[in-house]
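Accompanying notes for the structure given below.
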2 protein chains.
Amino acid sequence: MKTTLDSQQHIEPAAPLRKRTVRSRPLATVTDEDGNRRADLVRVSARLFREKGFDGTTVRDIAHAVGMRSGSPFYHFKSKQEILAAVMEEGLVAGLGEVERIVASSTPPLEKFRSLVRAHLETVLGEGHDFIPVLLYDWHALTPDLQEQIIGLKDRYDQLWQKTISELKDAGLIRSDSKVVRLLLLGAINYSVQWYKPGKGLSLDELSEQTVEFFLGT
Amino acid sequence: MKTTLDSQQHIEPAAPLRKRTVRSRPLATVTDEDGNRRADLVRVSARLFREKGFDGTTVRDIAHAVGMRSGSPFYHFKSKQEILAAVMEEGLVAGLGEVERIVASSTPPLEKFRSLVRAHLETVLGEGHDFIPVLLYDWHALTPDLQEQIIGLKDRYDQLWQKTISELKDAGLIRSDSKVVRLLLLGAINYSVQWYKPGKGLSLDELSEQTVEFFLGT
DNA sequence: CCTACCGATCGGTAGG
DNA sequence: CCTACCGATCGGTAGG
């Protein structure tokens with residue numbers, strides 16, 4: 001028989017400093033007309049997922065971080081996984097925009113490459129850039145159907161890099177197979193998430209320079 | 001008041017095909033005299049952690065994989081975290097042995113480097129090599145005190161690489177700062193865990209060759 | 001979006 | 001090492 005245990009239930013305490021009728025807006029955005037609640041959730045989730053991992057972050061953490069109660073994020077998202085997917089998608093869309101701009105510019109391959117490396121380092125290590133690190137770190141936590149929904153954007157990102165690296169090869173600046181180069185190169189940069197500490201050692205500009213120098217063997 | 005809910009309890013079913021008195025040994029090891037139960041747990045945990053992540057693996061999964069009941073791993077380890085630490089430690093000790101042998105050998109720097117790259121690729125991508133991938137992937141899941149217990153081995157591993165890379169620089173084979181080179185290089189190889197599929201594309205020997213070729217710019 | 005829950009799972013333990 | 005649990009947490013939902 002099912003029984004309801006009161007001691008088992010954790011009644012959420014009434015939110016402090018908050019009127020019943022006029023509910024104060026969460027602090028984050030300055031001009032947020034209703035629609036941005038979803039955006040707030042995504043942005044805050046990105047930060048939490050990056051800091052504590054997907055499994056280490058609870059829906060309650062996310063809710064409270066934007067001033068909601070524990071069940072309310074499910075009004076905006078069908079599941080915790082869909083929040084994760086939204087975080088990754090936002091990161092990819094932003095990243096793609098920048099990479100597309102760089103690749104489309106009429107500069108020599110070497111300059112494009114420099115810009116790509118610098119941009120990718122910013123995307124992965126820059127202050128407040130939590131979206132792509134979450135993608136890199138918690139990709140496995142997504143269900144296959146949500147992975148599929150995102151993988152198209154990921155592929156486009158990779159293809160733009162591939163194109164630039166091929167140009168580098170045509171220009172005689174690298175000799176190895178350009179697909180292997182892409183994988184090793186992006187891997188090296190992506191992995192920097194594990195060791196780079198902002199404010200300690202190299203700046204992002206310096207790291208970018210050294211990275212290009214090393215990979216091009218100059 | 002605390003109440004005991006019977007419907008809440010999941011009584012584990014009696015293990016099938018198993019006598020009460022003479023408990024059959026788990027399948028894994030051929031010659032396992034008691035002491036190896038702990039080793040069995042570590043080996044099986046490495047595989048499960050690699051496949052499903054630390055958070056995605058339950059102590060019950062581990063127990064059942066070696067033919068124990070859910071609570072029994074805690075006879076061998078104080079916590080799930082300590083199992084994780086044991087996995088990482090075993091991986092590092094094995095890896096260190098190999099790397100130390102290579103670095104101590106009397107071969108030219110370039111040959112040492114080739115051997116290190118090949119050995120590290122094996123450690124990270126090789127069949128049945130689950131320990132170091134777990135270290136790379138779930139390092140953050142360790143509590144700080146357990147991280148401290150292991151970080152010494154990790155540092156020795158890095159120092160041996162650093163030494164070899166410095167020799168490479170002295171020999172004029174690379175130009176960049178050797179610490180940055182070490183970080184980018186190991187990062188590129190470590191990240192291959194994310195994209196390399198055994199049996200598809202390059203073999204480990206081929207990948208090793210291409211990696212050395214690319215990083216040394218030949 | 002909140003209230004008030006539920007069902008399930010999970011790490012861990014006492015006692016043998 | 002098993003039996004038999006507990007305490008806590010967590011994703012998610014119905015109804016307003």
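We use all heavy atoms of the structure for the numbers below, so side chains are in, but hydrogens, waters and symmetry mates are not.
The residue among A/D61 and A/K78 whose nearest nucleotide of DNA chain D is located toward the 5' end is A/D61.
Side-chain contact between A/K179 and A/I165 is absent, with no heavy-atom pair separated by less than 4.5 Å.
Atom CG of A/L41 is separated from atom C1' of D/dG12 by 15 Å (rounded to the nearest Å). Note: CZ (B/F74) to C1' (D/dA4) measures 15 Å, nearest angstrom. Put simply, CD1 on B/I62 is 10 Å from P on C/dG12, counting in whole angstrom units. Distance CD (A/Q81) to C1' (D/dG12): 13 Å, rounded to an integer number of Å. Taking atom CG on A/L48 and atom P on D/dG11, their separation rounds to 12 Å, with Å as the unit.
Residue A/R60 places no side-chain N or O under 4.0 Å from the OP1 or OP2 atom of D/dC10. Under 4.0 angstrom from either OP1 or OP2 of D/dC1 there lies at least one side-chain N or O belonging to B/R37.
Listed candidates were C/dC10, D/dC10, D/dC1. Nearest to the side chain of B/Y75 is D/dC1. Proximity note for B/V59 (side chain, C-beta onward) versus D/dC2, C/dG11, C/dC1: the nearest is C/dG11.
Of the charged side-chain nitrogens involved, none lies within less than 4.0 Å of a carboxylate oxygen, so that B/D130 and B/R43 do not count as a salt-bridged pair. Between B/R156 and B/E100, at least one side-chain nitrogen of the basic residue sits less than 4.0 Å from a carboxylate oxygen of the acidic one, meeting the salt-bridge criterion.
Side chain of A/D138 to backbone of A/F54: a donor-acceptor contact under 3.5 angstrom is found.
D/dA14 is paired with C/dT3 under the criterion used here, namely a Watson-Crick or G-U wobble arrangement in which both key atom distances are under 3.5 Å.
A/S72 comes within 4.0 angstrom of a nucleotide base, judged by non-hydrogen atoms across all strands.
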